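These notes concern the structure reproduced below.
Quantities reported herein were computed from a predicted structural model and do not represent experimental measurements. Numbered from 1 within each chain, the chains take letters A, B, ... in sequence-line order.
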Amino acid sequence: MRNTKEIEERWQKYWDDNRTFCAVEDESKKKFYYLVEFPYPSGAGLHVGHVRSYTALDVMARKKRLCGYNVLFPMGWDAFGSPAEQYAIKNHVHPKEAVKRNIETFKSQIKRLGISFDWSREFSTTDPEYYKWTQWQFLKFFEHGMAYKAKKNINWCPKCKTGLSNEDSSGGVCERCGSSVVQKEKEQWMLRMSDYSEQLLEGLDDTEFQDRIKTAQVNWIGKSVGAEVKFKLKEVDEELVVYTTRADTLFGVTFMVIAPEHPYIDLYSGLISNMNEVIDYREAARRKTEFERTQLVKDKTGVKLEGLTAINPVTNVELPIYISDYVMMNYGTGAIMAVPAHDERDYDFAIRHGIEVVPVIEQITGEKHDNEKEKKSIVAVVYDKATDKYLTLNWKKLGGRLFIGGTRRKDEDIVSCGIREIKEETGYTDVTFVRKLAPINHHYYAYNKNQAYSIDCDLLYFELNSNDSIGVNLDDDEKDKFTVEWVSSDEVLNSVKDELHRMAFLNKDSKAFYSGEGKMINSEFLNGLTDKNESIDKMINYLEEKNLAKKKVNYRLQDWVFTRQRFWGEPIPLIYCDTCGWVPVPYEDLPVLLPDVTEYEPTDTGESPLAKIESFVNCKCPKCGRDAKRETDTMPNWAGSSWYFLRYMDPHNDKEFVSKEKLKYWGRVDWYNGGMEHATRHLLYARFWNQFLYNIGLVVNKEPFKVRVAHGMILGEGGEKMSKSKGNVINPDDMVDLYGADSLRCYEMFIGDYEKEASWSEQGLNGCRRFLDKVIRLGEKLNDSDQYSSILEIDINKTIKKVEEDMDNLKFNTAVSSLMILLNKFEKCASISRKDYRTFLILLNPIAPHVTEELNDVYELGDAICNSSWPEVNLEKLVEEEKEIAVQVNGKVRATIKVRLDDSDDVVTKKAMSADNVIKHIDGKEIVKTILIKGKIVNIVVK
RNA sequence: GCGGGUAUGGCGGAAUUGGCAGACGCGCUAGACUUAGGAUCUAGUGUCAUUGACGUGCAGGUUCAACUCCUGUUACCCGCACCA
């Protein structure tokens with residue numbers, strides 16, 4: 001027997017020499033396209049996480065081939081991007097050199113694992129033959145009006161003088177140098193991805209993505225259904241249009257907020273008397289870093305526009321207008337109607353700026369009854385700072401401990417009502433009103449009065465100033481029913497049981513806004529409604545009739561910022577001519593190549609380093625022939641990866657990006673695996689790109705991917721993320737050297753649920769090596785038979801079925817486990833047949849391809865496994881004649897019995913009743929019933 | 001805050017979808033074979049106590065039967081984050 005290394009090299013060479021995994025279009029065979037995200041070939045080399053996902057897809061691909069499919073399983077490189085650029089600037093080489101080296105490393109590492117990629121289709125996104133077509137497709141976007149230029153803020157590091165992606169500037173700090181990131185405005189090419197929002201949403205129905213991935217996409221697209229409502233301005237004949245999903249709260253609007261960038265500010269600057277203040281605020285907001293805008297969200301700053309007032313369309317009440325950076329110009333209309341009683345952000349802003357809070361929805365509590373009497377009432381909590389106690393009434397058996405409560409008189413003010421009730425019931429006169437909580441619609445039944453009530457109740461909070469008291473002043477018959485008691489907070493929690501009163505206490509420190517559903521109040525024609533959607537519809541219909549609103553759908557999804565100010569990306573194939581404007585580079589002149597220079601320092605202006613390379617920039621206008629300049633920005637990393645799956649179908653085509661015939665044969669990707677971190681951006685970009693190509697007739701499927709699954713991360717031994725700084729990074733090469741590629745593959749499949757993260761354990765890896773060693777030793781006990789051993793036949797058939805199902809359903813861990821179980825059974829036999837062994841080796845082959853081919857070859861069991869087929873399950877051999885089932889008494893297992901397949905229910909019951917331990921537990925008791933689930937369990941219920 | 005996920009022995013993880021919880025592997029214990037063992041083989045291994053009881057984050061519920069279904073709750077992880 002050769003050693004592991006020799007075995008691996010031998011079979012890797014065999015597969016290469018025989019082009020075993022090269023996919024050839026073949027109409028007679030059913031195709032299957034497996035795709036795993038191609039890596040960014042970083043200098044760090046392959047990670048054990050790559051091994052996990054590549055092996056998983058390899059297992060499925062190898063198995064599918066054994067099942068007779070024509071499998072396309074390609075690999076390539078996503079090699080544009082800043083690490084290569086940084087490296088190149090530092091070492092004064094062209095990034096393509098660094099990329100070339102890294103690819104070589106990655107490729108040799110992957111090849112050592114024996115992954116069955118079709119290397120004949122390999123390419124890199126940085127190959128001019130590839131990015132020529134990326135540029136070609138960009139021009140299609142441009143031609144169809146899908147690309148446009150717009151001013152956009154970018155994350156800018158003033159020290160590195162470079163634009164940063166959001167990932168490289170997380171926390172508001174430059175990933176590389178640690179200085180604060182600022183926003184810099186820059187003209188950028190944009191792709192109209194938001195036009196595709198609805199199509200991208202609907203297209204998901206035509207996919208079988210994992211639910212968590214679908215959900216991520218749905219949330220990212222962020223569809224919201226609402227309405228645009230017009231608010232007239234008082235000072236000019238103009239309207240302020242806002243977007244809202246809560247038209248039902250329109251009666252609760254107490255102010256308006258517009259984004260600092262809102263055009264009305266400049267448009268009506270003549271009317272705004274505090275324009276200086278407004279401009280200062282706007283500038284401050286602009287200077288805020290991404291970090292400040294997203295992290296310091298609590299602080300609702302803003303400035304009132306003096307001299308500009310809006311009118312509430314349903315109440316005609318005048319509303320102040322503020323500017324604040326909590327309203328974004330790029331969503332909705334850049335203006336909102338603020339309803340502080342029902343929105344936390346509006347509430348925070350209102351409190352900070354002393355604006356009125358008008359509740360229009362009451363939370364509903366208690367239990368509804370028929371024939372309810374309606375009342376307005378209050379509950380007042382009085383707190384004494386001096387003693388740290390709360391004022392309560394102890395109603396004893398009549399209602400337990402409560403706070404002060406009472407009915408509000410007609411036209412009586414809420415706070416006055418509270419003060420009056422406190423005085424009447426407890427005698428205290430010197431109290432200060434502190435705050436009002438969100439009102440409640442409470443339902444209850446008063447047994448003493450035999451009456452059901454629905455009360456609109458305001459919850460009030462007072463503080464006691466002094467013990468001034470006029471004494472309790474009540475009728476004699478009320479007087480003795482309760483006693484006035486001051487109690488501690490703990491005592492309140494212990495003894496105040498009434499839902500409403502308890503709520504008044506528990507919520508006393510929380511914000512007085514309510515964003516849930518409830519009963520409409522203060523809203524004229526909506527009053528009394530309790531269904532949110534009904535209220536919204538009624539309001540929108542009312543406004544639509546008066547032409548004051550229209551239904552509107554909004555999406556969170558934004559257009560795609562398609563330019564980067566970098567050297568190492570696909571040049572954007574456009575030329576600017578003073579006469580003709582933006583002119584596309586003619587198709588026959590593609591690709592626009594990156595210049596072969598090794599020096600390109602970043603610019604001070606935020607332009608791409610390409611801007612300093614004159615030979616690149618200066619050119620002639622393709623239209624008029626005059627002097628012109630090239631666009632110097634390059635495409636983002638996401639560009640090349642947005643269509644690479646199409647190129648694999650026809651990677652060497654120099655006439656088209658992919659031919660129609662190849663597209664028709666390979667169709668779409670049947671199974672796409674990638675990280676959860678790409679479940680939104682990459683996956684959405686690629687779907688958008690493909691949908692666009694479909695809409696202009698260049699591809700045949702609207703949705704590019706059928707199934708999408710995501711693997712879990714591999715963590716370090718301690719359960720933390722692997723990282724250089726923690727020093728817990730495992731190099732796959734070392735593991736292959738120490739344990740062999742098959743052991744590593746087997747271990748990574750066995751490590752746990754494929755979709756969940758898992759911690760690395762070298763002992764676990766060693767366990768898989770032991771398993772493979774046992775498989776090898778099994779060869780020593782072969783007999784001459786070419787049939788399954790009769791005592792193993794059922795187990796073998798069960799295992800075929802199990803492994804088959806598991807491999808198709810990403811359950812690699814249990815597939816390995818069931819093979820281990822079968823091996824344990826083999827080991828208990830004195831000898832095993834050649835067929836037993838060969839079947840086992842084929843089942844194990846997708847996971848451990850080298851050693852299984854070798855054993856199959858050494859013992860001359862048959863054709864090379866890669867040229868063989870998957871064993872068939874003999875369904876008849878799956879059914880066991882005799883089975884052990886459990887017998888329970890009152891749900892507790894007391895015995896197991898052996899039952900035969902043809903035993904009748906009576907026979908089984910009898911067997912169950914006669915088991916020793918069962919007799920012990922049912923003896924002398926009455927048998928209530930017996931539950932018998934065929935082939936599974938018997939449960940005897942006794943009393 | 002919103003969305004998604006997870007919780008099972010000393011550890012990684014199983015459980016045919018409501019039917020014997022802890023498969024399989026690691027680790028550990030004892031023994032065998034060995035000059036030797038970080039090799040291999042055999043036996044054992046959820047917890048507690050003597051027949052038995054308890055046990056799937058926590059508290060309830062449904063059921064003959066719950067890791068699995070329902071209600072509530074806690075902790076942790078991930079994604080998005082002022083989206084009106």
Identify whether any heavy atom of [X] sits under 4.0 Å from a base atom; if not, whether one sits that close to sugar-phosphate; answer base, sugar-phosphate or nothing.
X: A/K802; value: nothing
X: A/E884; value: base
X: A/I751; value: sugar-phosphate
X: A/I933; value: base
X: A/T245; value: sugar-phosphate
X: A/N219; value: sugar-phosphate
X: A/R769; value: nothing
X: A/D346; value: nothing
X: A/K920; value: sugar-phosphate
X: A/T814; value: sugar-phosphate
X: A/G222; value: nothing

Is A/K300 side chain donor-acceptor paired with the B/C82 base, going by distance under 3.5 Å alone?
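Donor-acceptor pair under 3.5 Å: yes.
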Pairwise [atom1] distance, [M] and [N] [rounded to whole Å]:
N: B/A49; M: B/G10; atom1: P; value: 15 Å
N: B/U56; M: B/C67; atom1: P; value: 7 Å
N: B/C24; M: B/C41; atom1: P; value: 15 Å
N: B/U51; M: B/G46; atom1: P; value: 15 Å
N: B/G18; M: B/C69; atom1: C1'; value: 8 Å
N: B/G19; M: B/G5; atom1: C1'; value: 28 Å
N: B/G44; M: B/G9; atom1: C1'; value: 15 Å

Charged N-O contact under 4.0 Å between A/E748 and A/R52:
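A/R52 and A/E748: not salt-bridged.
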Taking only Lys NZ, Arg NE, NH1 and NH2, and the carboxylate oxygens of Asp or Glu, determine whether A/K300 and A/D346 approach each other closer than 4.0 Å.
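So A/K300 does not pair with A/D346 through a salt bridge.
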For [X] and [N], give me the distance from atom [atom1] to atom [atom2], rounded to whole Å.
X: A/D795; N: B/A23; atom1: CG; atom2: C1'; value: 14 Å
X: A/H342; N: B/C82; atom1: NE2; atom2: P; value: 23 Å
X: A/D753; N: B/G13; atom1: CG; atom2: P; value: 9 Å
X: A/Y243; N: B/C82; atom1: OH; atom2: C1'; value: 16 Å
X: A/L772; N: B/A39; atom1: CG; atom2: P; value: 16 Å
X: A/I885; N: B/G19; atom1: CD1; atom2: P; value: 15 Å
X: A/R212; N: B/C80; atom1: CZ; atom2: C1'; value: 16 Å

Under 3.5 Å, is there a donor on one side chain and an acceptor on the other for A/S224 and A/Y555?
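A/S224 vs A/Y555: no donor-acceptor pair found between side chains.
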Among [options], the nucleotide that comes nearest once only the side chain of [X] is considered:
X: A/S817; options: B/C54, B/C64, B/A23; answer: B/A23
X: A/E827; options: B/G27, B/A23, B/C41; answer: B/C41
X: A/R777; options: B/U40, B/C82, B/G19; answer: B/U40

Position toward the 5' end of RNA chain B (nearest nucleotide), A/Q888 or A/E757
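Counting from the 5' end, the first nearest nucleotide belongs to A/E757.
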Tell me which of A/N917 and A/K774 sits closer to the 5' end of RNA chain B, going by the nucleotide each one is nearest to.
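Looking at the nearest nucleotide for each, A/K774 comes out on the 5' side.
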Taking a pair as Watson-Crick or G-U wobble with both distances under 3.5 Å, which nucleotide is matched to B/C76?
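B/C76 is paired with B/G5.
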Heavy atoms from other residues, nucleotides or ligands near [atom1] of [X] exceed 12 (cutoff 6.0 Å):
X: A/E884; atom1: CD; value: yes
X: A/K721; atom1: NZ; value: no
X: A/N3; atom1: CG; value: yes

OP1 or OP2 of B/G1 sitting under 4.0 Å from any side-chain N/O of A/R345?
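It does not, given that no N or O in the side chain of A/R345 lies less than 4.0 Å from OP1 or OP2 of B/G1.
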Applying salt bridge (charged side-chain N to carboxylate O under 4.0 Å, His left out), name anything that partners A/E805, two or more places apart in sequence or on another chain.
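For A/E805 the salt bridge (charged side-chain N to carboxylate O under 4.0 Å, His left out) partners, ignoring immediate neighbours, are A/K801.
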